[in-house]
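Below you'll find the structure, written out as structure tokens, and then a few comments.
Owing to the predicted nature of the structure, the values given are computational and were not obtained by experimental measurement. Position 1 is the first residue of the sequence, and the numbers go up from there.
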Amino acid sequence: MIDLTEVLYVDGNVLIAEFPEEMEMTDETFAKVNERFEELASQPVVDTHISNLQMEASLNDDVFTRAQEAAEAGKEFGITNWVIVSEGIKKMALKSRVGEISGVDISLVDTKAEAMDIAAN
């Protein structure tokens, strides 16, 4: 099992989710991820979320559903800026689903450094 304190953490005003290559794509895992997300999203300084998608597995409907749930929860805490980091098509697929959430602005980038630059502005 992956240590969620390493997967989800806050850096300044940014809630960062690092989804490693070996991450399990199960309902149980994503339920725990969303629970941790909500804990961190409640911090008043957080206004941006970065999802760094490193996992090798394809994204499925469960992942999209969980991402939409996280976007809705984040919006409740004032997180309306999402930056999705991935080198492949995953970021576009995730954007298409999270982008369905009204009031959430999404940026797509290739590196975490680019994401942090967006979050700083």
Side-chain angles (χ1 to χ4, degrees):
M1 185 69 178
I2 293 172
D3 181 356
L4 289 183
T5 61
E6 294 177 10
V7 172
L8 288 139
Y9 57 93
V10 173
D11 182 354
N13 67 312
V14 184
L15 193 165
I16 299 172
E18 302 271 5
F19 296 110
E21 290 179 21
E22 68 277 5
M23 180 143 182
E24 296 176 14
M25 307 285 276
T26 66
D27 281 344
E28 179 183 349
T29 298
F30 281 101
K32 290 178 182 178
V33 165
N34 279 0
E35 183 178 311
R36 172 100 174 126
F37 177 91
E38 288 188 33
E39 288 172 21
L40 297 174
S42 67
Q43 296 182 21
V45 299
V46 175
D47 63 8
T48 301
H49 172 68
I50 293 175
S51 288
N52 190 1
L53 307 176
Q54 301 167 9
M55 64 272 225
E56 292 180 5
S58 299
L59 301 180
N60 58 39
D61 282 339
D62 289 339
V63 173
F64 293 129
T65 298
R66 297 294 184 175
Q68 288 175 317
E69 290 170 359
E72 287 286 359
K75 200 167 83 167
E76 291 175 23
F77 293 108
I79 300 173
T80 57
N81 297 314
W82 275 52
V83 185
I84 302 171
V85 181
S86 176
E87 293 182 348
I89 195 166
K90 286 180 183 157
K91 65 184 171 198
M92 290 180 272
L94 191 57
K95 178 183 179 178
S96 73
R97 295 294 289 271
V98 175
E100 295 173 0
I101 307 300
S102 176
V104 177
D105 295 321
I106 300 174
S107 301
L108 304 177
V109 296
D110 293 327
T111 68
K112 185 177 169 188
E114 290 174 281
M116 293 301 286
D117 285 345
I118 289 171
N121 294 321

field: Chi angles and distances behind the side-chain contact (heavy atoms from CB on, under 4.5 Å) call for Phe37, Leu15
entry: CA-CA 8 Å; Phe37 177 91; Leu15 193 165; 3.8 Å; yes
task: Starting from the C-alpha separation in whole Å, work towards a yes-or-no answer on side-chain contact (heavy atoms from CB on, under 4.5 Å) for Val83 and Asn81.
output: CA-CA 7 Å; Val83 185; Asn81 297 314; 5.7 Å; no
Candidate pair Ile84 and Val109, rule side-chain contact (heavy atoms from CB on, under 4.5 Å), full reasoning: CA-CA 6 Å; Ile84 302 171; Val109 296; over 6 Å; no
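Remark: the backbone N or O of Ser102 is paired with a side-chain donor or acceptor of Lys75 at under 3.5 angstrom. Looking only at distances, a side-chain donor or acceptor of Glu114 sits under 3.5 Å from a matching main-chain atom of Thr111.
Grouping the Ile, Leu, Val, Met, Phe, Trp and Tyr side chains by contacts below 4.5 angstrom, directly or via other members, places Ile16 apart from Val46. Linking ILVMFWY residues whenever their side-chain heavy atoms come closer than 4.5 Å, directly or via other members, leaves Phe19 and Val85 in distinct clusters.
Among residues two or more places apart in sequence or in another chain, the side-chain hydrogen bond (donor to acceptor under 3.5 Å, both in side chains) test is passed with Glu39 by none. In this structure, Asp11 has no side-chain hydrogen bond (donor to acceptor under 3.5 Å, both in side chains) partners at least two apart in sequence or on a different chain.
When all heavy atoms of Ile79 and Ala41 are compared, the closest pair comes out as CD1-CB, 3.6 Å. The two residues Ala119 and Val14 have their closest heavy-atom pair at CB-CG2, 3.3 Å. Closest non-hydrogen pair, Tyr9 versus Lys112, comes out as OH-NZ, 2.7 Å. Nearest heavy atoms, Val45 versus Gly12: CG2-O, 3.6 Å.
Taking CG from Asp117 and OG from Ser107, the interatomic distance works out to 11.5 Å, rounded to the nearest 0.5 Å. The CG atom of Asp105 sits 11.5 Å away from the CD1 atom of Ile118 when rounded to the nearest 0.5 Å.
Contact of the Val33 side chain with the Leu8 side chain is registered, since non-hydrogen atoms from C-beta on lie closer than 4.5 Å. Annotation: side chain of Thr80 is not in contact with side chain of Val104 (no heavy-atom distance under 4.5 Å).
Counting only residues at least two apart or in different chains, side-chain hydrogen bond (donor to acceptor under 3.5 Å, both in side chains) contacts with residues 42-55 comprise Asn13-Asp47, Glu18-Asn52, Glu18-Gln54, His49-Ser51.
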